Amino acid sequence: MSPRAAARLEAVVACGAALASIFPFAYLLFLSVAAPAVYPALFPESLRFDRWRAVLGAGELLPSLAVSFMVSTAVAFLATSAGYLSGRAVAREQHPSRLLLLAYLPYALSPVILGACLLFFFIRLGLVGTVPGVVLAHTIPAFGFSVVFWVPFWNEEKRSMEELVQTLGGTRRQALGRVLLPLSREPLVLCFFQTFLVSWFQYGLTVLVGGGKVQTLPVRIYDYLGEADMGYAAVASLLLVVPPLVLLGVNRRIARWFL
Amino acid sequence: MSSRRDLERVGLALFFLLAVVPVGASLVYAAFYAFGLTGLLAHGFTLSHARAAFLTSSEVSASLLLSVYVAAAVVVLTAGVALPLSLVLRRRLEGRLLSAVLSLPLALPGLVAASLVWHLLGGAGPVSRVAFRLGLIRGIGDFPSPVQDAWGAGIILTHSALAIPFFVLLFTEIDRAEKLPALLELAAALGASPRQAATRIRLPLLLKKAFPTLALLFVVVLGSYEVPLVLGRAYPQMVSLLVLRRYAMFDITLKPEAFILALGYAALVLVILKIAFRRKGLRNEP
């Protein structure tokens with residue numbers, strides 16, 4: 001292939017990949033304002049904004065948005081803080097890889113299967129159908145993620161820093177408060193957002209433990225799909241993708257962390 | 001010294017409380033239920049539920065096979081598309097704009113992606129309408145929709161579409177981190193043809209480095225729930241769906257089979273994670 005043809009191919013593929021990445025969001029936006037169209041019409045007869053008015057004005061989805069936000073924030077706080085300490089403890093163990101494998105399990109296992117096997121305990125503890133129950137259920141996979149996130153952070157370099165502070169007369173608390181926590185600020189923010197998203201996207205586990213009483217945004221999306229109301233499903237979907245999109249826009253490190 | 005140990009003790013206690021106890025309790029409870037040691041119908045240890053699940057009924061085996069097939073297909077399709085894309089886009093991805101745009105699908109949850117595929121590729125969806133207008137089909141019934149089809153095409157398509165942009169970025173990052181262009185130049189200087197360099201150096205290295213992440217993709221798809229819930233068939237169902245259906249069924253005699261399937265699935269995940277660990281690659285290992 002000539003260099004010119006290769007450059008052209010590269011440009012075409014780049015445009016195609018970019019369009020394919022943007023398309024789902026643009027199409028959701030279109031669906032959220034499109035009136036139903038009878039088969040085989042290609043385009044809706046009109047555009048309607050009543051769904052957005054119902055959501056933003058009458059507050060149709062705002063309670064679900066608030067519940068989702070509350071649950072995910074609580075999960076992110078619990079998983080990040082507990083994972084921070086656990087990651088440190090696991091990294092300092094003699095065989096961290098064994099514990100790390102255990103940490104992968106709650107994150108890698110299907111949340112729904114794990115939830116089904118744990119539902120008996122949730123029922124006995126009176127947590128089914130409650131927000132704290134859903135928070136606890138979401139925290140299990142989010143915590144696994146958090147530990148996997150923090151173990152590499154607590155490497156030899158951090159241990160040396162801690163020891164250096166002590167050698168220079170600092171206390172353990174000073175090492176943590178003045179050296180390690182400032183160093184952890186950025187990963188703490190990243191981990192908080194990531195664990196927030198682990199919870200934010202949960203559907204199956206919420207339905208299982210929430211028992212239909214805890215109505216988060218993903219639960220509402222599925223309800224709308226069940227009613228074949230793609231317009232409202234699109235509105236709810238857009239609300240669901242806004243926080244992760246904002247996070248990606250604000251801090252590309254979140255995407256880079258995965259890599 | 002003591003505060004250090006205290007902090008580590010707290011960390012380990014939290015680890016056991018939030019990771020080991022939930023997973024352990026769920027597996028022990030599932031095993032007890034599956035082998036007749038607990039539950040409403042428990043009459044002591046029995047293998048009859050396991051026999052019923054795997055020998056009498058074909059649904060459990062079909063579910064496991066479908067899940068493994070879908071997960072394998074997603075991994076193959078994702079790697080098969082993302083690898084050449086990353087090679088073609090390597091230079092362009094050095095710029096920030098394209099990599100930023102390609103990371104957008106990371107913000108798309110499976111449920112939303114599945115609902116889009118359900119709408120776009122369903123019998124009455126826009127693609128079917130275009131096919132009708134072009135005279136390719138005579139009505140909704142003629143449209144070969146991948147939604148709820150026998151081969152799980154809609155599920156495979158959705159998971160792959162979500163994973164491909166991520167793997168394009170991952171392969172590009174590996175390419176950069178491993179300094180593959182320099183390695184390929186060296187290979188060329190030593191007489192390797194571009195084809196040899198690509199097939200014997202670049203592809204094996206990229207796949208080796210990405211193996212743990214591909215293994216995790218397999219595990220995630222294997223246990224996925226939302227996408228097959230929207231796009232899958234009633235029979236056979238993927239593992240997560242069947243476990244939940246058997247668990248919540250009115251006929252409680254089928255409940256132990258849900259736990260048999262859950263145990264089989266957990267064993268499979270453990271084996272895959274062990275393999276991924278053995279290959280040294282779950283990248284976060286200290």
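A, B, ... follow the sequence lines: proteins, then strands. Residue 1 opens every chain. No experiment lies behind these values; they were computed from the predicted model shown.
Heavy atoms of R133(B) lying under 4.5 Å from chain A belong exclusively to its side chain. Looking at Y265(B), only its side chain comes within 4.5 Å of chain A, counting heavy atoms on both sides. Within the 4.5 angstrom heavy-atom criterion, atoms from both the backbone and the side chain of F120(A) approach chain B. For A7(A), the part lying near chain B is the backbone, with the side chain staying farther off; criterion is any non-hydrogen pair under 4.5 Å. Looking at A11(A), the atoms closer than 4.5 Å to chain B (heavy atoms on both sides) sit in the backbone and in the side chain alike. For chain B, the nearby part of E93(A) is the side chain; its heavy atoms alone come within less than 4.5 Å. Only the side chain of I137(B) comes within less than 4.5 Å of a heavy atom in chain A; its backbone stays farther off. For chain B, no part of V12(A) is nearby; none of its heavy atoms comes within less than 4.5 Å. Heavy atoms of V88(B) lying under 4.5 Å from chain A belong to its backbone as well as its side chain. V130(B) touches chain A through backbone and side chain together, each having a heavy atom under 4.5 Å away. Within the 4.5 angstrom heavy-atom criterion, only side-chain atoms of L98(B), from C-beta onward, approach chain A. Heavy-atom distances place both the backbone and the side chain of I140(A) under 4.5 Å from chain B.
The candidate from L244(B), V219(B), L93(B) with the greatest count of non-hydrogen atom pairs under 4.5 Å with chain A is L244(B). When each of A233(A), A41(A), G226(A), G87(A) is scored by its heavy-atom pairs under 4.5 Å with chain B, the top score falls to A41(A). The residue among I174(B), V230(B), L102(B), V220(B) with the most heavy atom pairs within less than 4.5 Å of chain A is L102(B). Counting heavy-atom pairs closer than 4.5 Å to chain A, the top-ranked of the candidates V269(B), L85(B), L111(B) is L111(B). Chosen from A30(B), G223(B), A210(B), the residue pairing most often with chain A at heavy-atom distances under 4.5 Å is G223(B). Interface summary for chain A: among L120(B), I164(B), L261(B), the most heavy-atom pairs under 4.5 angstrom belong to L120(B). Annotation: maximal heavy-atom pairing with chain B below 4.5 Å, among I22(A), L114(A), L118(A), I113(A), occurs at I113(A). When the candidates S224(B), G125(B), S128(B), A266(B) are compared by the number of heavy-atom contacts under 4.5 Å with chain A, S128(B) comes out ahead. Highest contact tally toward chain B, considering only P141(A), S21(A), P244(A), is held by S21(A) [criterion: heavy-atom pairs under 4.5 Å]. Interface summary for chain B: among A116(A), A89(A), S86(A), the most heavy-atom pairs under 4.5 angstrom belong to S86(A). Of the listed residues P111(A), A37(A), A175(A), G83(A), the one with more heavy-atom pairs under 4.5 angstrom with chain B than any other is A37(A). Listed options I221(A), V90(A), L42(A), L9(A) were ranked by heavy-atom pairs under 4.5 angstrom with chain B; first place goes to L42(A).
Aromatic rings from Y39(A) and F132(B) are positioned such that their centres are separated by under 6.0 Å. Taking the six-membered ring wherever Trp is involved, the centroid distance between the rings of F259(B) and Y29(B) falls below 6.0 Å.
Ion pair R176(B)/E173(B) flagged as a salt bridge, since at least one NZ, NE, NH1 or NH2 atom sits closer than 4.0 Å to an Asp/Glu carboxylate oxygen.
One finds the CG atom of L208(A) at 10.5 Å from the OH atom of Y203(A) (value rounded to the nearest 0.5 Å).
Summarising the geometry of L89(B) relative to A17(A), their closest heavy-atom pair is CD1-CB, 4.1 Å, with the distance given to 0.1 Å. In this structure, C191(A) and W150(A) approach most closely via the heavy-atom pair SG-NE1, 3.4 Å. Shown here for L180(A) and E162(A), the closest heavy-atom pair between the two residues is CD1-CG, 3.3 Å. Closest heavy-atom contact between R246(B) and A258(B): CB-CB, 3.6 Å. Of all non-hydrogen atoms in A103(A) and V147(A), the two that sit nearest each other are CB-CG1, 3.7 Å.
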**OP:** For the pair S146(A) and Y84(A), evaluate side chain to side chain contact (heavy atoms under 4.5 Å, CB included) and give the outcome as yes or no after the intermediate values.
**Re:** CA-CA 7 Å; S146(A) 180; Y84(A) 185 75; over 6 Å; no

Original post:
Stepwise, does the side chain to side chain contact (heavy atoms under 4.5 Å, CB included) test hold for V209(A) with L127(A)?
Top reply: CA-CA 8 Å; V209(A) 177; L127(A) 290 169; 5.6 Å; no

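In this structure, Y224(A) and Y232(A) have parallel ring planes: the angle between them is below the 30° cut-off, well short of the 60° mark. Taking the six-membered ring for Trp and thresholds of 30 and 60 degrees, F23(A) and Y27(A) have nearly parallel ring planes, at less than 30 degrees apart.
For the residue pair H138(A)/T206(A), the side-chain donor-acceptor check at 3.5 Å is satisfied.
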